[in-house]
Amino acid sequence: MNVAQDLAAAGRDDASRAAIHFRLGAALESEGTHEKKDQLFSESCDELKAALSLDPSFAIAHYVWGESLSHLHQDDAARAEFKAFLAESAAILLSANAQPVMRTAPSWRAPRMAPPFAVTTIDGRHISMDSLAGKVVLIDFWATWCGPCREALPHVRDIARKFQGQPFVVLSVSLDDDDAKWKDFVNKNE
């Protein structure tokens, strides 16, 4: 941990120092989740607070801080961080979406589609954007290390079951670096 703190101190500007504090805070939160140690969540909170003091617009830091606080059963403080995350994220999304609208014709109303892609499913089927034409596609990104993601998976599965037989497809994409971890998780959790 001292190495990470030294890196944060040596960062070239506030944004890079904030990013280093955030990564350390997120790593501590993840380790705390796996090890079930409150001390790691407390340390995570300190790092995330440092990240936000350097870059108050670092929206995702509010979210991870909220997770750490919720593990510490500081529900009101966690709720406040989740609200800050949503407010900051909405401002970023609104700002990013408003810029092209101001510069373009009414064609901005055209629906935005996912970029072309092709994937191979866990059972070896090849799926591409073209093969899904005419269907509603829900793309769910998750990871085995993401607690809220894992908690949402049963709900995504319920949605898939509810619309089974209709032109609706759920693509669940793991962000794990280790294929064995997510494949094992999928097998164990159906």
Side-chain angles (χ1 to χ4, degrees), residues 1-93 119 122 138-161 170-190:
M1 184 163 84
N2 290 338
V3 172
Q5 290 172 336
D6 291 343
L7 284 172
R12 63 185 179 281
D13 57 24
D14 283 351
S16 65
R17 287 189 288 277
I20 293 166
H21 281 292
F22 168 76
R23 287 183 178 188
L24 179 56
L28 287 164
E29 191 277 332
S30 179
E31 188 176 347
T33 300
H34 295 292
E35 300 294 324
K36 306 211 180 327
K37 292 183 180 176
D38 286 353
Q39 179 59 34
L40 294 170
F41 295 122
S42 295
E43 292 172 15
S44 170
C45 289
D46 292 342
E47 292 301 324
L48 296 162
K49 184 177 180 180
L52 286 164
S53 72
L54 292 165
D55 184 357
S57 67
F58 204 147
I60 192 67
H62 286 290
Y63 183 84
V64 179
W65 192 3
E67 285 184 323
S68 288
L69 289 166
S70 67
H71 284 290
L72 293 170
H73 306 288
Q74 296 179 21
D75 296 338
D76 291 339
R79 231 178 260 109
E81 290 308 315
F82 290 139
K83 284 181 183 178
F85 165 74
L86 291 172
E88 192 65 37
S89 296
I92 291 167
L93 289 173
V119 295
I122 196 168
L138 169 64
I139 303 175
D140 176 47
F141 294 94
W142 66 280
T144 57
W145 45 263
C146 174
C149 300
R150 289 192 320 268
E151 290 174 18
L153 286 173
H155 302 291
V156 173
R157 184 177 51 216
D158 291 344
I159 291 169
R161 287 179 181 155
V170 176
L171 293 179
S172 188
V173 180
S174 172
L175 301 176
D176 284 283
D177 292 332
D178 183 347
D179 285 352
K181 274 188 179 178
W182 71 261
K183 286 179 180 178
D184 182 54
F185 181 87
V186 168
N187 287 331
K188 286 181 181 174
N189 295 284
E190 301 177 15

#### Entry: Shortest non-hydrogen contact between Ser70 and Glu67, atoms and distance
OG-O, 2.7 Å

### Task
Please list, chain by chain and in numerical order, all residues satisfying side-chain hydrogen bond (donor to acceptor under 3.5 Å, both in side chains) with Asp140, sequence neighbours excluded.
none

### Query
To the nearest 0.5 Å, how far apart are SG in Cys149 and CG in Leu175?
7.5 Å

### Task
First locate atom CH2 of Trp145, then atom OG1 of Thr33, and finally report the distance between them rounded to the nearest 0.5 Å.
11.0 Å

### Task
Report the residues that fulfil side chain to side chain contact (heavy atoms under 4.5 Å, CB included) with Lys37, sequence neighbours left out, ordered by chain and then residue number.
Glu35, Leu40

### Task
Sorted by first residue and then second, give each salt bridge (Lys or Arg N to Asp or Glu O under 4.0 Å) pair with at least one member in residues 173-184; sequence neighbours left out.
Asp184-Lys188

### Task
Hey, could you give me the OG/CD distance between Ser42 and Glu47, rounded to the nearest 0.5 Å?
12.0 Å

### Query
Do Ser53 and Lys49 come close enough that some side-chain heavy atom pair is under 4.5 Å?
no

### Query
What pairs meet the ring-ring contact (aromatic ring centres under 6.0 Å, His included) rule with one or both residues in residues 40-59, with sequence neighbours excluded?
Phe22-Phe58, Phe41-His71

### Task
Write down the atom of Asp55, the atom of Ala18, and the distance for their closest heavy-atom approach.
CB-CB, 3.7 Å

Under 3.5 Å, side-chain donor or acceptor atoms of residues 150-161 against the rest of the protein: list the pairs with distances, not counting sequence neighbours.
{"from": "Arg150", "atom 1": "NH1", "to": "Thr144", "atom 2": "O", "distance (Å)": "2.5"}
{"from": "Arg157", "atom 1": "NH1", "to": "Asn189", "atom 2": "O", "distance (Å)": "3.0"}

### Task
Please examine the side chains of Val170 and Leu138, heavy atoms only from C-beta on, and report whether any two atoms are closer than 4.5 Å.
yes

### Task
Indicate the atoms forming the closest heavy-atom contact of Phe82 with Gly66, along with that distance.
CZ-C, 3.4 Å

### Query
Mind checking what makes ring pair (Phe, Tyr, Trp, His ring centres under 6.0 Å) contact with Phe185, not counting sequence neighbours?
Trp142

### Task
Can you spot which of Leu48, Val64, Leu24 makes a side chain to side chain contact (heavy atoms under 4.5 Å, CB included) with Glu29?
Val64

### Query
How far does CD1 of Ile139 sit from CG of Leu171, to the nearest 0.5 angstrom?
5.5 Å

### Message
When you measure from the side chain of Ser68 to the backbone of Trp65, do you find a donor-acceptor pair of N or O atoms at a distance under 3.5 Å?
### Response
no

### Task
Work out which heavy atom in Leu69 is nearest to a heavy atom in Cys45; give both atom names and the distance.
CD2-SG, 3.8 Å

### Task
Using the side-chain hydrogen bond (donor to acceptor under 3.5 Å, both in side chains) rule, collect all pairs that involve residues 72-82, keeping only residues at least two apart or in two chains.
His62-Glu81, Asp76-Arg79

